[in-house]
Amino acid sequence: RLNTWESLTTGIAQQAKGVIAPKEKTPFITFVLGGPGSGKGTQCIKIVETFGFAHLSAGDLLRREIASKSADGAMILNTIKEGKIVPSQVTVKLIQKEMELSDNHKFLIDGFPRTEENRVSFEQILSEWQSQIGVEPNVVLFFDCPEEEMVKRVLNRNEGRVDDNLETIKKRLTVFQALSLPVINYYSEKGKLYTIKAIGTEDEIFEQVRPIFAAFEVCSQTVG
Ligand SMILES: Nc1ncnc2c1ncn2[C@@H]1O[C@H](COP(=O)(O)OP(=O)(O)O)[C@@H](O)[C@H]1O
Ligand SMILES: O=c1ccn([C@@H]2O[C@H](COP(=O)(O)OP(=O)(O)O)[C@@H](O)[C@H]2O)c(=O)[nH]1
Ligand SMILES: [Mg+2]
């Protein structure tokens, strides 16, 4: 099989000839952003079930590195315990690898980019892969949730995470405000941001998410 990035360039050539094979599609990239406990992972599962995306959770990829005892494992563990942000090159490399291994062309990138530096590093990778197309994600979801609700959810999460304690949550909320909100504002100005009011039941929240992707499905059917 061709990987997505090769498919992209051959896809362009084939589009010009008026033939396009079903598997050879331009990548569709969604960033899923929001504070700790805002429900990103929970809603990603529903998006995967309904719209067939590949789910890439940056936090899960980092925790997998820790578990695999890789060279960066100890550094990643300390960074997560402190609620700080792992160096972009480490996270971007993990995401890039997952995208290259995937047969899917629709990606949900959950919990990334968390800083402007993260965003720029990833866009550099995208621009190397697909210089003609541009380097922007197609959709950026923002799960907007009150802090007290996020704290309550994280303290009840029960996944045994080293960062799900009150002390680390406070640090993560500060990092979110200072470093992640600028990324959200950037995409808002670009007109890419879809803000979801992330309170209510999981199903109620998904009913805000569904029409966003449903609209893109209709688009791709019309064009493709
Ligand atoms: N709408 C919701 N109402 C109440 N609890 C929720 C809701 N959505 C998710 N949760 C729970 O809150 C916790 C955090 O959700 P999660 O999806 O892991 O958030 P994030 O990935 O943004 O940190 C989990 O225990 C999850 O089961
Ligand atoms: O791009 C990323 C994503 C996550 N993290 C680290 O991993 C932790 C957990 O991230 P995750 O997305 O799993 O947390 P969530 O927001 O889902 O609670 C964060 O607090 C950061 O320390 C990071 O450094 N860079
Ligand atoms: Mg999560």
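For ligands, and for the atoms within them, numbers begin at 1 and follow the listed sequence. In this chain, numbering begins with 1 at the start of the sequence shown.
- N138 is not listed as a side-chain neighbour of F31, based on a closest heavy-atom distance of 4.5 Å or more.
- The nearest heavy-atom contact from the protein to atom 17 (O) of ligand 2 is K40 NZ, 3.8 Å.
- For the residues M150, R172, R114, K171, the heavy atom positioned nearest atom 12 (O) of ligand 2 is part of R114.
- Compare G59, G39, A198 by their heavy atoms: the one nearest to atom 19 (O) of ligand 1 is in G39.
- Those atoms of ligand 2 that come under 4.0 Å of a heavy atom in I85, given as number and element, are 24 (O).
- For the pair K40 and ligand 1, the shortest N or O to N or O distance falls below 3.5 Å.
- The distance from ligand 1 to the heavy atoms of T201 drops below 4.0 Å at these ligand atoms: 1 (N).
- Taking every non-hydrogen atom of A58 and a distance limit under 4.0 Å, the qualifying atoms of ligand 2 come out as 1 (O), 2 (C), 3 (C).
- What sits closest to atom 1 (O) of ligand 2 on the protein, heavy atoms only, is F112 CD1, 3.3 Å.
- The shortest contact between atom 8 (C) of ligand 2 and any protein heavy atom is with D163 OD2, 3.9 Å.
- Contact annotation for E82 and ligand 2: no heavy atom of the residue comes within less than 4.0 Å of the ligand.
- Of all the heavy atoms of L62, the ones lying under 4.0 Å from any atom of ligand 2 belong exclusively to the side chain.
- Looking from atom 4 (C) of ligand 1 to the surrounding protein, the closest heavy atom is R153 NE, 3.7 Å.
- Side-chain polar atoms of Q208 and Q43 form no donor-acceptor pair below 3.5 angstrom.
- Among all non-hydrogen protein atoms, the one lying nearest atom 8 (N) of ligand 1 is E202 CG, 3.7 Å.
- Under the 4.5 Å side-chain heavy-atom criterion for grouping Ile, Leu, Val, Met, Phe, Trp and Tyr, V140 is not connected to F53 through any hydrophobic cluster.
- Shown in contact with R63 at under 4.0 Å from a heavy atom are these atoms of ligand 2, numbered in order with element: 9 (C), 13 (O).
- In this structure, the side chains of R64 and L61 come closer than 4.5 Å at one or more pairs of heavy atoms.
- Using a 4.5 Å heavy-atom cutoff, the side chains of K171 and K81 are not in contact.
- Side chains of T195 and D144: no donor on one and acceptor on the other come within 3.5 Å.
- Among all protein heavy atoms, the one lying closest to atom 21 (C) of ligand 2 is K84 O, 3.3 Å.
- The six-membered or imidazole ring of F112 lies near that of F122, with a centre-to-centre distance under 6.0 Å.
- Of all the heavy atoms of I205, the ones lying under 4.0 Å from any atom of ligand 1 belong exclusively to the side chain.
- Cation-pi geometry between R114 and F176 is not met: the NZ or CZ atom fails to fall both under 6.0 Å from the ring centre and inside 45° of the normal.
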Apply the test salt bridge (charged side-chain N to carboxylate O under 4.0 Å, His left out) to residues K106 and E217: give CA-CA distance (whole Å), side-chain angles for both, the deciding distance (0.1 Å), then the verdict.
-> CA-CA 11 Å; K106 301 198 283 187; E217 295 270 295; 3.0 Å; yes

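- The proximity of R157 to ligand 2, defined as any non-hydrogen pair under 4.0 Å, is limited to the side chain.
- Between Q177 and P182, the closest heavy-atom pair is O-CD, 4.0 Å.
- Across all their heavy atoms, I212 and F216 have their closest contact at O-CD1, 3.2 Å.
- Ligand-side atoms of ligand 1 in range of G41: 17 (O), 21 (O), range being under 4.0 angstrom from any heavy atom.
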Give the intermediate values and the outcome of salt bridge (charged side-chain N to carboxylate O under 4.0 Å, His left out) for residues E100 and K97.
-> CA-CA 5 Å; E100 283 172 345; K97 199 169 77 191; over 6 Å; no

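- Counted by atom type alone, N185 and S188 present zero donor-acceptor pairs between their side chains at under 3.5 Å.
- Between the side chains of S70 and E65, at least one donor N or O lies within less than 3.5 Å of an accepting N or O.
- Contacts between V86 and ligand 2 below 4.0 angstrom, taking non-hydrogen atoms only, involve backbone and side chain alike.
- Checked by distance only, ligand 1 and P36 stay at 3.5 Å or farther apart across all their nitrogen or oxygen atoms.
- For ligand 2, the atoms sitting less than 4.0 Å from at least one non-hydrogen atom of T91 are 1 (O), numbered in the order shown with element in parentheses.
- Checked by distance only, ligand 1 and R157 come closer than 3.5 Å through their nitrogen or oxygen atoms.
- Between G37 and ligand 1 there is a heavy-atom distance shorter than 4.0 Å.
- The option from C44, G111, G200 that lies nearest to atom 1 (N) of ligand 1, judged by heavy atoms, is G200.
- Taking the side chain as every heavy atom from C-beta outward, L193 and L33 never approach each other to under 4.5 Å.
- Those atoms of ligand 1 that come under 4.0 Å of a heavy atom in G35, given as number and element, are 22 (O).
- Neither the backbone nor the side chain of V175 comes within 4.0 Å of ligand 2, counting heavy atoms alone.
- Between V183 and N118 there is no side-chain heavy-atom pair separated by less than 4.5 Å.
- Looking only at heavy atoms of the protein, atom 15 (O) of ligand 1 is closest to T42 OG1, 3.7 Å.
- Only the side chain of R161 comes within 4.0 Å of ligand 2, judged by heavy-atom distances.
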